Structures are given as C-alpha cells and as structure tokens.
Protein chains: 2
Amino acid sequence: MGSYESKYELNGKQFYCPIELSVSILAGRWKSTIICELLQGKKRYGELKKNILNINHKMLAEQLRELESAGIIQRHVYPVVPPKVEYELTALGEGLRPAVEHLRQWGMYFKADDAEESQTVAEDVKEVF
Amino acid sequence: MGSYESKYELNGKQFYCPIELSVSILAGRWKSTIICELLQGKKRYGELKKNILNINHKMLAEQLRELESAGIIQRHVYPVVPPKVEYELTALGEGLRPAVEHLRQWGMYFKADDAEESQTVAEDVKEVF
DNA sequence: CGGGATCCACCGCGATACTG
DNA sequence: CAGTATCGCGGTGGATCCCG
C-alpha cells in the first residue's frame with residue numbers, strides 16, 4: 001500500500017490497482033456467466049449458447065473472443081464437418097475460481113439482505129464468512 | 001446449479017446468477033477503487049478525492065451515491081461549515097473484503113503472467129492459491 | 001455448427017459550470 | 001468543502017444478415 005508506481009494494463013487502459021484490472025475483465029455483459037459455465041468444465045459453443053439464457057449469437061462469440069485474448073480461456077477447433085469448437089479455461093482462468101466463489105457468496109448475501117431489509121438477517125448471513 | 005428460477009435484481013436489471021449481480025456492482029469505472037479506499041477505514045470526501053488519482057468531482061460524487069443506494073456504503077454528514085462528510089462501508093460492504101482480496105491476488109497473478117508470457121511463471125504464481 | 005459484419009440505440013463517463 | 005445540472009462523445013451490446 002502507499003505506492004502507486006506499478007501499473008496494470010489491459011488493452012489500452014491503465015489501472016493503478018490490480019482489482020480494477022480483475023473487475024474490468026469480469027465486467028462484460030456475459031463474461032461472468034461464461035466463466036461460471038466453464039468453471040464446470042470444457043464446453044462446446046452450442047452448449048454455452050443453450051445454457052446461457054437470453055444471450056445472442058453475436059454477444060456469445062464476441063465475449064468469448066475477448067476472454068480468449070485476455071488469456072482466460074482457450075479455443076479448441078476440431079477440423080470436422082459440421083464444425084466443432086470447444087472452450088476451456090486456461091490456468092489463468094482457473095485461478096479466478098476462488099474469487100468467483102466469494103463473489104457468488106456475497107451475491108447471495110446481498111439478495112438475502114435486500115429481501116428482508118432487517119439487520120438480524122444481515123447478521124445471520126454474515127456467519128457464512 | 002440446475003435451477004434458473006431464483007433471480008437477482010439491481011435497479012431494473014435482472015440476473016440469473018449471484019455473480020453477475022456482484023460484478024455489476026463492482027463494475028462502475030471507480031467503484032472498486034473507492035471500495036479499496038474504504039476497506040482501509042472511514043474517509044472524508046476530500047481524502048478520497050485526493051487519494052484516487054485522475055477521478056473528477058462529478059464521478060466521485062456519482063459513484064459514491066450509487067454505492068450508497070446499493071447499500072454498500074454509508075454517508076455521515078456533520079452539520080458544520082465548511083461541510084464535512086464521511087463515507088464508510090456498511091456490514092454488507094465489509095462482506096466484500098474476501099472477494100476483493102482474491103481479485104487483488106488474481107490481478108497480480110495476471111500481471112506477472114502477462115509480463116513474462118512464460119508458463120513457468122504461471123506455475124510459480126499459482127502456488128499463491 | 002460456428003463465425004463474421006453491419007447498423008443503431010443507449011448510457012457510462014468526462015469536462016465544465018453553478019450552488020450553498 | 002461537498003453537491004448538482006447540463007452537454008456530448010464513444011463504447012457496449014442487441015438485432016439481423018450473410019458466410020463456409
């Protein structure tokens with residue numbers, strides 16, 4: 001803490017804190033959902049399309065390409081007809097698992113807190129951590 | 001897993017997964033930075049403004065109001081002249097600490113991996129987890 | 001089956017200015 | 001010292017089309 005010398009970069013954007021970097025990678029409209037899917041294992045394009053409700057073709061392809069160029073996921077193309085393409089987390093992407101699990105916990109905590117707006121619930125759920 | 005029945009909401013937006021919710025809260029341009037600052041303790045508006053490089057007045061005020069309405073931070077106004085206002089994490093906001101720490105770890109991991117593009121480094125840093 | 005391009009609406013975010 | 005209002009650009013993301 002204290003020094004702002006070291007910078008973090010993604011594409012053209014500069015960040016002063018590693019957390020900004022991490023968040024900016026997860027922040028695309030469907031990125032976290034895709035990562036969740038792939039945390040369950042390697043999947044085909046069509047599987048992802050089917051599992052992720054309301055996503056359209058362009059968005060899925062685009063978000064996948066962005067995750068790939070960030071080094072989070074890896075693309076495996078099988079030279080067959082009809083085409084078969086699988087996506088899989090890299091070691092870097094796998095490293096997101098603990099962070100993602102905590103975000104999931106917190107999201108549930110948030111919902112519970114939100115639903116009852118009472119402090120007692122907040123205290124109860126806090127025990128999870 | 002399996003059921004997409006329960007929904008998560010923030011403002012008008014619906015999410016099917018708690019992680020989307022969490023990420024959408026952290027995703028504002030300066031949100032994670034502000035949260036980092038406040039994880040170090042209660043701070044005045046001017047302190048935040050001074051510590052967060054390149055943020056402008058309007059953005060700081062706006063992001064603070066959004067975090068407040070999400071229930072992440074709390075605003076304390078002292079009725080004095082000149083005005084004195086302090087911001088502090090709520091219990092809900094404090095609950096983000098573990099997730100944020102993991103994101104910080106991963107951001108550093110990402111940078112190291114990025115810098116040397118060698119697999120050995122990725123393996124080394126992976127031991128952190 | 002999976003990928004790419006085009007078009008366009010919306011809103012996030014930044015600059016600037018005015019208020020008590 | 002802190003907050004709010006206005007304006008405008010640019011990027012994000014959704015619909016829709018064509019391709020091998």
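Chain letters run A, B, ... following the sequence lines, proteins first and then strands; every chain starts at 1. Note that the structure is predicted; figures quoted are calculated from it, not measured.
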Problem - Main-chain N/O of Ile19(B) paired to Ser32(A) side chain as donor or acceptor, under 3.5 Å - result: no
Practice task
Mind calculating the distance between CG (Leu64(A)) and P (dG3(C)) to the nearest angstrom?
Solution key: 7 Å
Completion exercise
On DNA chain D, more 5' by nearest nucleotide between Lys58(B) and Lys13(A) is Lys58(B)
Practice task
Would you mind reading off the distance between Ile34(A) atom CD1 and dG2(C) atom C1', rounded to a whole angstrom?
Solution key: 14 Å
Completion exercise
To the nearest angstrom, the CD-P distance between Glu86(B) and dG3(D) comes to 12 Å
Fill in the blank from the handout: When rounded to whole Å, the CG to P distance for the pair Leu60(A) and dT12(D) reads 18 Å
Exercise for the section: Could you tell me whether the phosphate oxygens of dA2(D), OP1 or OP2, come under 4.0 Å of any side-chain nitrogen or oxygen in Arg75(B)? Expected result: no
Fill in the blank from the handout: note: Glu66(A), atom CD; dT12(D), atom P; distance rounded to Å ~ 7 Å
Handout entry: Nearest-neighbour nucleotide for the Val85(B) side chain, dG3(D), dA15(C), dG2(C) considered
Key = dG3(D)
Completion exercise
Assert: residue with more 5' nearest nucleotide on DNA chain C, out of Lys84(A) and Glu62(B), is Lys84(A)
Handout entry: Pairing of Glu94(B) and Arg97(B) as salt bridge, 4.0 angstrom limit
Key = yes
Exercise for the section: Name the nucleic acid region contacted by Tyr78(B), choosing base, sugar-phosphate or nothing; use a 4.0 angstrom heavy-atom cut-off, strictly under. Expected result: nothing
Exercise for the section: Using a cut-off of strictly less than 4.0 Å, decide whether Arg44(A) has a side-chain nitrogen or oxygen near OP1 or OP2 of dG2(C). Expected result: yes
Handout entry: N-O pairing of Glu37(B) and Lys43(B) below 4.0 Å
Key = yes
Problem - Presence of Arg65(A) side-chain N/O under 4.0 Å of dG3(C) phosphate oxygens OP1/OP2 - result: no
Practice task
May I ask you to evaluate whether Gln63(B) reaches the phosphate of dG12(C), defined as a side-chain N or O under 4.0 Å from OP1 or OP2?
Solution key: no
Problem - Under 4.0 angstrom between Asn56(A) side-chain N/O and dA15(D) OP1 or OP2 - result: yes
Problem - Test: Glu101(B) and Arg104(B) ion pair at under 4.0 Å - result: yes
Completion exercise
Looking only at dG12(C), dC13(C), dG14(D), the nucleotide nearest the Met59(A) side chain is dG14(D)
Handout entry: Any Tyr45(A) side-chain nitrogen or oxygen under 4.0 Å from OP1 or OP2 of dG4(C)
Key = no
Exercise for the section: Scan Ala61(A) against the nucleic acid and name what it touches under 4.0 Å (heavy atoms): base, sugar-phosphate only, or nothing. Expected result: nothing
Problem - Within-4.5 Å side-chain heavy-atom neighbours: Ile72(B) and Lys31(B) - result: no
Handout entry: Phosphate OP1/OP2 of dG12(C) contacted by Trp30(B) side-chain N/O (<4.0 Å)
Key = no
Exercise for the section: Specify the separation, in whole Å, of atom CZ of Arg29(B) and atom C1' of dG11(D). Expected result: 14 Å
Exercise for the section: Compare the minimum distances between each of dG3(D), dC13(C), dG14(D) and the side chain of His57(B), then state the nucleotide with the smallest one. Expected result: dG3(D)
Handout entry: Ile52(A) CD1 - dG2(C) P separation (whole Å)
Key = 13 Å
Exercise for the section: Could you state the atom-to-atom distance from NZ of Lys49(A) to C1' of dG4(C) in whole Å? Expected result: 16 Å
Problem - Note: Glu88(A)-Arg75(A) ion pair, threshold 4.0 Å (strictly below) - result: no
